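Only one structure is covered here, and it is reproduced in the block below.
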Amino acid sequence: MTEDVVTPSHFIRQLISKDIAAGRYPDGIATRFPPEPNGYLHIGHAKSICLNFGVAQEFGGVCFLRFDDTNPDRESPEFVESIQQDVRWLGFDWEDRLRHASDYFQQLFDFAVGLIESGNAYVCDLSADEIRTTRGTLTSPGSNSPFRDRNPEENLELFNKMRAGEYDDGSRVLRARIDMASPNIHLRDPTLYRIRRQTHHNTGDSWCIYPMYDFTHPLSDAIEGVTHSLCTLEFEDNRALYDWVLEHVSPPSRPYQTEFSRLSLEYTVVSKRLLTLLVSRGVVSGWDDPRMPTLSGMRRRGFPPEAIVDFCSRIGVTRNQQHVEISVLENCVREALNPTAPRAFGVLRPLRVVIENYPENEEEFLEAQNHPNDPSLGVRQVPFCREIFIEQDDFMEDPPRKFFRLAPGREVRLRYAYLVTCTSVIHDENGNVCEVRCTYDPQTKGGNTPDGRKVKGTIHWVSAKHSLNAEVRLYQPLFKDPNPKFDSDTELEQTLNPDSCETVDNCKLEPSLGDAGIGSPIQLERLGYFCVDPSSTNQKRILNRTVSLRDTWARVKEK
RNA sequence: UGGGGUGUAGCCAAGUGGUAAGGCACCGGAUUUUGAUUCCGGCAUUCCCAGGUUCGAAUCCUGGCACCCCAGCCA
């Protein structure tokens, strides 16, 4: 069987194809996914992971997982662990290619020494403030540091002393000697090393100087033999420095950087800084809150990893500003879940229905399919008795034209059970409907109509006597604004969607759901896809709605 | 009037001088014991704008316009 798996063409694939065709990489290509372990991975990282691991796979190359851990101030082992878990969850395997930029600290130091010896780097005693003010602006050139012309011997001695811990944090840096008047600000004698006494999660206290990204990244790529260093567009201007570094040392290989645009998703933020803020402000319960666009959040929400990989392939890779509608993601999730998720009944907002002509103490089990389109998933027995719950939304006392669920005098099908007709309505002291009375037609067992009569509505139900209680959490986007922006706590407050998590208590589930495992997908018919939350217990069952079903009625109702 | 980028439908996106793929969304219609799924059909006479080159331009040239990124001892 040949399935038409269309791998969409994008410019990076084309570039690699061309490179391979030109014979540039006889030993194969290599890529890397280089996260900084200072936060959890999010949907934007998924795009990069799929790209880097994906093209390596397609072209018979390899992909490294490299922690870009050059800033001990913000990095931690917690993040290192979560990142590995998330990459594996997405289905990618780095095999023996787990690396840390910190593995290369000694080699990086040696390269820096080489740069000093060739007169291409110098130790600068200016303070951070002074460096900033002498850097110039976007439209005016910077001015040379008074330390720019120190000779290599002196620089070398100073740099060694920096490493030996003889100077205070922030008192000196190593700078590349390039061009203070360059129109590209990244080339105005960028800092290569800073002094920072901070225990590193990997190297402990062996270093008190740490290399900067622009120095570390090209050399790490070169050390690993990375051929295609793929990064996001905001590093475009850094490419000149990336190349400069590689051209001014003798690197073990020559990697090239190519940039693509980062993903932004409607109604969400995809920035580690802002996500960190949501966590630290307690806006969400943690990095894995089901509303978070983090991989751990989406996992807890019930998104299957294939859906995320599929999403990444559908959105493509370009250099355009990419602002994707959430419907694309939701569609991928539904498409992944629909063929496999077993069906079950659950009622979110129960309305008691008493079937008056059904015997008081009788109960029976009715057969229901676990998947209407896939008999191989089998059947289950669902208990039925005189009192059941239906969805409040499935009854209207005074229904509009196109409503074809239950209403006074109307007949509907209870899925897999019987046809029932509403005979009367009972109100509470506030005038709200609190109970509905029906009669059932014993001839219609299983929901069949032997007389061929047509029933427009089919609704779900659960037996009052047998049902399980549960709390169900329904999610909406975290933000009101499709393109949320906030710089302060008040702005954050204003843009937050107050209804992003709706907790519905006292929901009723069919008894078979008592066995549902944490995280495994279930479709509650007519309501959506759900999964059991990790915090769920037998005493207090908690379900997350992963995504609702497509709801045409909701649109009809609007009109 | 510093530098680097990007403009194809509501949102993504293919297209690489030969007459606008595909997905999502949307709108019909069929089937349906989930208003789900599935199926079938519709959805850019035009590619940011204006000129030019060419038998022929989304693709090449010129000039505009709009938007994004860069002034960390962050990545």
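The sequence lines fix the lettering, A, B, ..., with proteins before strands; numbering per chain opens at 1. Since the structure is predicted, the reported quantities are computational estimates derived from the model, not experimental observations.
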Residues passing the side chain to side chain contact (heavy atoms under 4.5 Å, CB included) test with A:S327, sequence neighbours excluded, are A:E325
Q) Which part of the nucleic acid, if any, lies within contact of A:F403, taking any heavy atom under 4.0 Å across all strands shown: a base, the sugar-phosphate backbone alone, or nothing? A) base
Q: Using a heavy-atom cut-off of under 4.0 Å over every strand shown, decide if A:R196 touches base, sugar-phosphate, or nothing.
A: nothing
With sequence neighbours left out, the residues meeting salt bridge (charged side-chain N to carboxylate O under 4.0 Å, His left out) with A:D243 are A:R254
Comparing nearest nucleotides in RNA chain B, the 5'-proximal residue of the pair A:L527, A:Y213 is A:L527
(request) For A:D214, report the nucleic acid contact type (base, sugar-phosphate, nothing); a contact means any heavy atom under 4.0 Å. (result) nothing
**Prompt:** Which part of the nucleic acid does A:P372 contact within heavy-atom distance under 4.0 Å: base, sugar-phosphate only, or nothing?
**Reply:** base
**Report entry** Spacing of the C1' atoms in B:C40 and B:U46 (rounded, Å)
**Finding:** 27 Å
Sequence neighbours excluded, the answer for ring-ring contact (aromatic ring centres under 6.0 Å, His included) partners of A:H45 is A:H42
_Centroid distance below 5.5 Å plus an interplanar angle below 30 degrees: do A:W553 and B:G35 meet both conditions?_
yes
### Task
Check whether the ring centres of A:F215 and A:Y193 lie less than 6.0 Å apart, and answer yes or no.
yes
Using a cut-off of strictly less than 4.0 Å, decide whether A:T318 has a side-chain nitrogen or oxygen near OP1 or OP2 of B:A13.
yes
What does A:H323 touch in the nucleic acid at a heavy-atom separation under 4.0 angstrom: a base, only the sugar-phosphate, or nothing? sugar-phosphate
Practice task
Describe the nucleic acid contact of A:L549 in one word from base, sugar-phosphate, nothing, applying a heavy-atom distance below 4.0 Å.
Solution key: base
Exercise. Quick one: do A:E510 and A:R380 make a salt bridge, cutoff under 4.0 Å?
Worked result: yes
If one requires at least 3 consecutive Watson-Crick or G-U pairs with distances under 3.5 Å, the stems of RNA chain B turn out to be B:2-7 with B:65-70, B:10-12 with B:22-24, B:26-30 with B:38-42, B:48-52 with B:60-64
Winner on side-chain proximity to A:T70, out of B:U34, B:A75, B:G2, is B:A75
Just the atom pairs and distances: protein N or O near nucleotides 21-25 of chain B's N or O, under 3.5 Å.
from: B:G23; atom 1: O2'; to: A:R314; atom 2: NH1; distance (Å): 3.1
from: B:C24; atom 1: O2'; to: A:S327; atom 2: OG; distance (Å): 2.8
from: B:C24; atom 1: O2'; to: A:V328; atom 2: N; distance (Å): 3.4
from: B:A25; atom 1: OP1; to: A:R550; atom 2: NH2; distance (Å): 3.0

From CD of A:Q322 across to C1' of B:U8 the rounded distance in Å is 15 Å
A:H217 atom NE2 is separated from B:C74 atom C1', nearest whole Å, by 14 Å
Discussion item. Check whether A:D189 reaches the backbone of A:I178 with its side chain - one donor and one acceptor, N or O, closer than 3.5 Å.
Written reply: yes
C1' atom, B:G35 versus B:G22: distance in rounded Å? 28 Å
Checking B:G35, B:C74, B:U6 against the side chain of A:N71 (C-beta onward), the nearest is B:C74
Those residues at least two apart in sequence (or on a different chain) that pass ring-ring contact (aromatic ring centres under 6.0 Å, His included) with A:Y440 are A:Y358, A:Y418
Rounded to whole Å, CG of A:D374 lies from P of B:U38 at a distance of 14 Å
**Report entry** Phosphate OP1/OP2 of B:G7: any A:N320 side-chain N/O under 4.0 Å
**Finding:** yes
Note: contacts of residues 259-273 of chain A with RNA chain B (heavy atom, under 4.0 Å) are none
Per the O4'-C1'-N9-C4 / O4'-C1'-N1-C2 angle with a 90° window around 0, B:G72 comes out syn
Rounded to whole Å, the CG-P distance (A:D551 to B:U37) equals 10 Å
Whole-Å distance, A:N373 CG to B:C39 C1', equals 12 Å
Residues passing the ring-ring contact (aromatic ring centres under 6.0 Å, His included) test with A:F479, sequence neighbours excluded, are A:F486
Applying ring-ring contact (aromatic ring centres under 6.0 Å, His included) to A:Y122 and not counting sequence neighbours gives none
A:F67 atom CZ is separated from B:C74 atom P, nearest whole Å, by 21 Å
Using the P atoms only, state how far B:C49 lies from B:C65, rounded to an integer number of Å.
15 Å
- Message: Distance check, C1' atoms only: B:A66 and B:G29, in whole angstrom units.
- Response: 41 Å
Answer with base, sugar-phosphate or nothing: what part of the nucleic acid does A:Y416 contact at a heavy-atom distance below 4.0 Å? base
Taking atom P in both B:A58 and B:G51, what distance in whole Å separates the two?
15 Å
* Can you check whether A:F235 and A:Y213 have ring centres sitting under 6.0 Å from each other? -> yes
From CD of A:E236 across to P of B:U6 the rounded distance in Å is 7 Å
### Message
I'd like to know if A:D394 and A:R526 make a salt bridge, using a cut-off of under 4.0 Å between side-chain N and carboxylate O.
### Response
yes
Residue pairs meeting salt bridge (Lys or Arg N to Asp or Glu O under 4.0 Å), one or both in residues 130-146 of chain A, sequence neighbours left out, come to A:D129-A:R132
- Item | Cation-aromatic face contact A:R415/A:W461, 6.0 Å, 45 degrees | no
In terms of heavy-atom contacts, A:A368 and A:Y416 come closest through CB-CD1, 3.3 Å
The complete set of salt bridge (Lys or Arg N to Asp or Glu O under 4.0 Å) pairs with one or both residues in residues 209-218 of chain A, sequence neighbours excluded, reads none
For B:G15, take OP1 and OP2 only and decide whether either is under 4.0 Å from a side-chain N or O of A:S9.
-> yes
Does a side-chain N or O of A:T552 approach OP1 or OP2 of B:A36 to a distance below 4.0 Å, or not? yes
Output one line per pair: protein atom, nucleotide atom from nucleotides 67-73 of chain B, and distance, for all N/O pairs under 3.5 Å.
from: B:C67; atom 1: O2'; to: A:Q321; atom 2: OE1; distance (Å): 3.3
from: B:C67; atom 1: O2'; to: A:Q321; atom 2: NE2; distance (Å): 3.3
from: B:C68; atom 1: O4'; to: A:Q321; atom 2: NE2; distance (Å): 3.1
from: B:C70; atom 1: O2'; to: A:H186; atom 2: NE2; distance (Å): 3.2
from: B:A71; atom 1: O3'; to: A:R135; atom 2: NH2; distance (Å): 3.4
from: B:A71; atom 1: O2'; to: A:R135; atom 2: NE; distance (Å): 3.1
from: B:G72; atom 1: OP2; to: A:R135; atom 2: NH2; distance (Å): 2.8
from: B:C73; atom 1: OP1; to: A:R135; atom 2: NH2; distance (Å): 3.4
from: B:C73; atom 1: OP2; to: A:R135; atom 2: NH1; distance (Å): 3.2
from: B:C73; atom 1: N3; to: A:G170; atom 2: O; distance (Å): 3.2
from: B:C73; atom 1: N4; to: A:L126; atom 2: O; distance (Å): 3.0
from: B:C73; atom 1: N4; to: A:A128; atom 2: N; distance (Å): 2.9
from: B:C73; atom 1: N4; to: A:G170; atom 2: O; distance (Å): 2.9

* With side chains defined as the heavy atoms from C-beta onward, is the minimum distance between A:H100 and A:R66 less than 4.5 Å? -> no
Do the charged groups of A:R405 and A:E391 touch, with an N to O distance under 4.0 Å? no
When rounded to whole Å, the CG to P distance for the pair A:L414 and B:U34 reads 13 Å
* To do: Could you measure between the two P atoms, the one in B:G3 and the one in B:G64, and give it in whole Å?
  => 14 Å
